[in-house]
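Structure first, commentary second.
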Amino acid sequence: MNESALQAKVITLCHDLGLLVFHSTDSRRDVGRGFPDLVIVGKAGGMFAEVKDNWGQLSPDQCQWKYSLMASGAQWRLWRPSDWQAIEAELRGIA
């Protein structure tokens with residue numbers, strides 16, 4: 001499964017669970033290079049998620065967001081297709 005297919009699957013599950021989910025569809029127009037792919041909020045919490053295929057690496061800008069968000073106390077995740085069961089459980093947990 002590639003990155004875009006996993007992202008679509010996560011977004012569909014978010015909608016099915018009644019979670020709020022945001023994804024910028026044109027990052028070229030955004031301020032904040034490297035910002036996580038998804039922002040997800042539910043009744044029991046929220047998180048920022050970066051979606052990669054099983055081989056994708058974080059860019060330096062993505063690493064800066066990761067460490068800055070985690071230092072602030074925010075929940076940050078890196079999700080890959082091989083993590084699907086954990087992704088599903090975590091999203092159900094905040095729904």
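Keep in mind the model is a prediction, meaning the values are calculated, not measured.
At most 12 non-hydrogen atoms from other residues, nucleotides or ligands lie less than 6.0 angstrom from CD of Gln64.
In plain terms, the two heavy atoms of Trp65 and Gly32 that are nearest each other are NE1-O, 3.4 Å. Taking each heavy atom of Ala44 and Gly93 in turn, the nearest pair found is CB-O, 3.6 Å. Between Ala5 and Asn2, the shortest heavy-atom distance links the atoms N-OD1, 2.8 Å. Of all the heavy atoms in Leu78 and Asp83, the pair that sits closest is O-OD2, 3.8 Å.
Between Phe48 and Phe35 the shortest side-chain heavy-atom distance falls below 4.5 Å.
Listed by chain and number, the hydrophobic cluster partners of Met1 are Leu6, Val10, Ile11, Leu13, Leu17, Leu19, Val21, Leu38, Ile40, Met47, Val51, Trp79, Trp84, Ile87, Leu91, Ile94, where partners are ILVMFWY side chains within reach of under 4.5 Å, directly or through others.
In this structure, the side-chain hydrogen bond (donor to acceptor under 3.5 Å, both in side chains) partners of Lys52, at least two apart in sequence or on a different chain, are Gln62. In this structure Asp61 satisfies the salt bridge (charged side-chain N to carboxylate O under 4.0 Å, His left out) test together with Arg33, sequence neighbours excluded.
Under a 4.0 Å N-O distance rule, the pair Lys66/Glu50 does not qualify as a salt bridge.
In this structure, Ser72 contributes its side chain and Leu69 its backbone to a donor-acceptor pair below 3.5 Å.
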